[in-house]
Amino acid sequence: MSSTELPSAPAASVLPKVATVRVAEGERLRSVGLPGITLTVRSRPPAREGLAPALYVHGLGGSSQNWSALMQQLEGEVDCEAVDLPGFGDSPPPDDGDYSITAHARAVIRYLDASDRGPVHLFGNSLGGAVTTRVAAVRPDLVRTLTLVSPALPELRVQRTAVPTALLSVPGVTALFTRLTRGWTAEQRVRGVMHLCYGDPGRATPEGFRNAVEEMERRLQLPYFWDAMTRSARGLVNAYTLGGQHALWRQAERVLAPTLLIYGGRDQLVGHRMSRKAAQSFRDSRLLSLPDAGHVAMMEYPEVVARAFRGLLEETGQAQAVNPRERAAVAGDGDGATENAGG
């Protein structure tokens, strides 16, 4: 079944009631209706008026909650919003059942056009990295800077640990997996996800782990959860096979915005070796390597990612409010290495 076929999940108007999504202190959630989609947007009031807007886009199986720690770190620099892509977080499935990279990028563009917030500082992780790369390539007018955390861009030699995730795109695999894991508790599932996505699962706080279990329990009640996962994985794999102007690496070369690339040395889903190719492809790029980080550096090391982003703002003359104590730390940090990599 392709990602462009009619959705098998029920329409948003008939979805069952499930537990509410957690909202951290200082955050707000709102629902935005757009043609063919309804998006949930998580925001954090900026420290002061006049800050440039930022938009954060999560990865496969994630949600806007993945950015909460980084949003808190950057509330003095940018006006933060994070979106739940269609079918993820608290956003219902898209009306047409299309979970392709192009469809997700179109959802982000529709939101930015409707909200009139562009150009924004655009952030993307994993699947969201592929989505935001496409957005930056086709709509440069909407993007001030681009920050990519372990972006899911095509790899010729996929890591062995990433194969199970890629297999979700194969017809029948999801149904088999759900049968085999029917007896797994939400806690077991969360531990498995953390061991896959974190460089050091021990960096998750007890409160963070409890919140993740609560969110997993909520998601498993959604009738479209596995459909969204499967079709988005299939959409990502399909995007890897596209050639010409639609190829993701070709679009990376077209990105005009100053770009910050962040890769983890312990990433089991996106190979660290791809960092060099990315640095060569994005024309105005800086590369931050975090040896101990996994796939979600913004969750494991939000302070380090925030410092690197502040450095990007300073270097490009877009800094509006930088903590003086952090200024000296921007150029170098004990947890990683940053270098200019632009052509």
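Side chains are part of it too, since the values below use all heavy atoms of this structure and drop only hydrogens, waters and symmetry mates.
- Across every non-hydrogen atom of Ser275 and Leu287, the tightest pair is CB-CD1, 3.7 Å.
- Not one N or O on the side chain of Ser232 forms a donor-acceptor pair closer than 3.5 Å with the backbone of Met229.
- Here the closest heavy-atom approach between residue Asn125 and residue Ser150 is recorded as ND2-CB, 4.2 Å.
- Judged by distance alone, the side chain of Trp249 and the main-chain N or O of Pro154 form a donor-acceptor pair under 3.5 Å.
- A distance-only check finds no donor-acceptor pair linking the side chain of Asp79 to the backbone of Leu51 [under 3.5 Å].
- Salt bridge present: Arg106 and Asp98 bring a charged side-chain N and a carboxylate O closer than 4.0 Å.
- With hydrogens and angles ignored, the 3.5 Å screen pairs no side-chain donor or acceptor of Gln73 with any backbone N or O of Val305.
- For the atom pair CZ of Arg203 and CE of Met194, the computed distance is 12.5 Å after rounding to the nearest 0.5 Å.
- Put simply, CE on Met71 and CG on Asn66 are 11.5 Å apart, with the number rounded to the nearest 0.5 Å.
- Not a single donor-acceptor pair under 3.5 Å links the side chain of Arg144 to the backbone N or O of Leu142.
- Although no hydrogens or angles enter the test, the distance criterion places no donor-acceptor pair under 3.5 Å between the side chain of Thr40 and the main chain of Asp84.
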**Request:** Please report the C-alpha distance between Thr185 and Glu187 in whole Å, then the side-chain angles of each, then the deciding distance to 0.1 Å, and finally whether the side-chain hydrogen bond (donor to acceptor under 3.5 Å, both in side chains) criterion is met.
**Result:** CA-CA 5 Å; Thr185 65; Glu187 181 174 328; 5.6 Å; no
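- Atom-to-atom distance recorded for Leu122:CG and Thr259:OG1 is 10.0 Å, nearest 0.5 angstrom.
- Salt bridge annotation for Glu155-Lys277: absent, with no cationic side-chain nitrogen under 4.0 angstrom from a carboxylate oxygen.
- The minimum heavy-atom distance between Leu148 and Phe282, with the atom names listed, is CD1-CZ, 3.5 Å.
- Side-chain atoms of Pro258 and Arg286, non-hydrogen and from C-beta on, do get closer than 4.5 Å to each other.
- Proximity of a side-chain donor or acceptor of Arg283 to a complementary backbone N or O of Leu256 within less than 3.5 Å is not detected.
- Every side chain to side chain contact (heavy atoms under 4.5 Å, CB included) that Arg219 has, sequence neighbours left out, goes to Ser63, Glu215, Phe225.
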**Request:** List the steps and the verdict of side-chain contact (heavy atoms from CB on, under 4.5 Å) for Leu60 and Phe88.
**Result:** CA-CA 9 Å; Leu60 181 66; Phe88 294 93; 4.1 Å; yes
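- Panel note: side chain Glu81, backbone Val41; no donor-acceptor pair is recorded below 3.5 Å.
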**Item:** side-chain hydrogen bond (donor to acceptor under 3.5 Å, both in side chains) between Thr147 and His121, intermediate numbers included
**Value:** CA-CA 8 Å; Thr147 298; His121 295 289; over 6 Å; no
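- One finds the CD atom of Gln251 at 10.5 Å from the CD1 atom of Ile101 (value rounded to the nearest 0.5 Å).
- For the atom pair CG of Asp267 and CD1 of Ile262, the computed distance is 12.0 Å after rounding to the nearest 0.5 Å.
- Within the 3.5 Å criterion, the main-chain N or O of Gln65 finds no donor-acceptor partner in the side chain of His58.
- A cation-pi arrangement is absent between Arg42 and Tyr56, since the terminal nitrogen or guanidinium carbon is not both under 6.0 Å from the aromatic centre and inside a 45° cone about the axis.
- Residues Phe309 and Leu70 form no side-chain contact, since every pair of their non-hydrogen atoms from C-beta on lies 4.5 Å or further apart.
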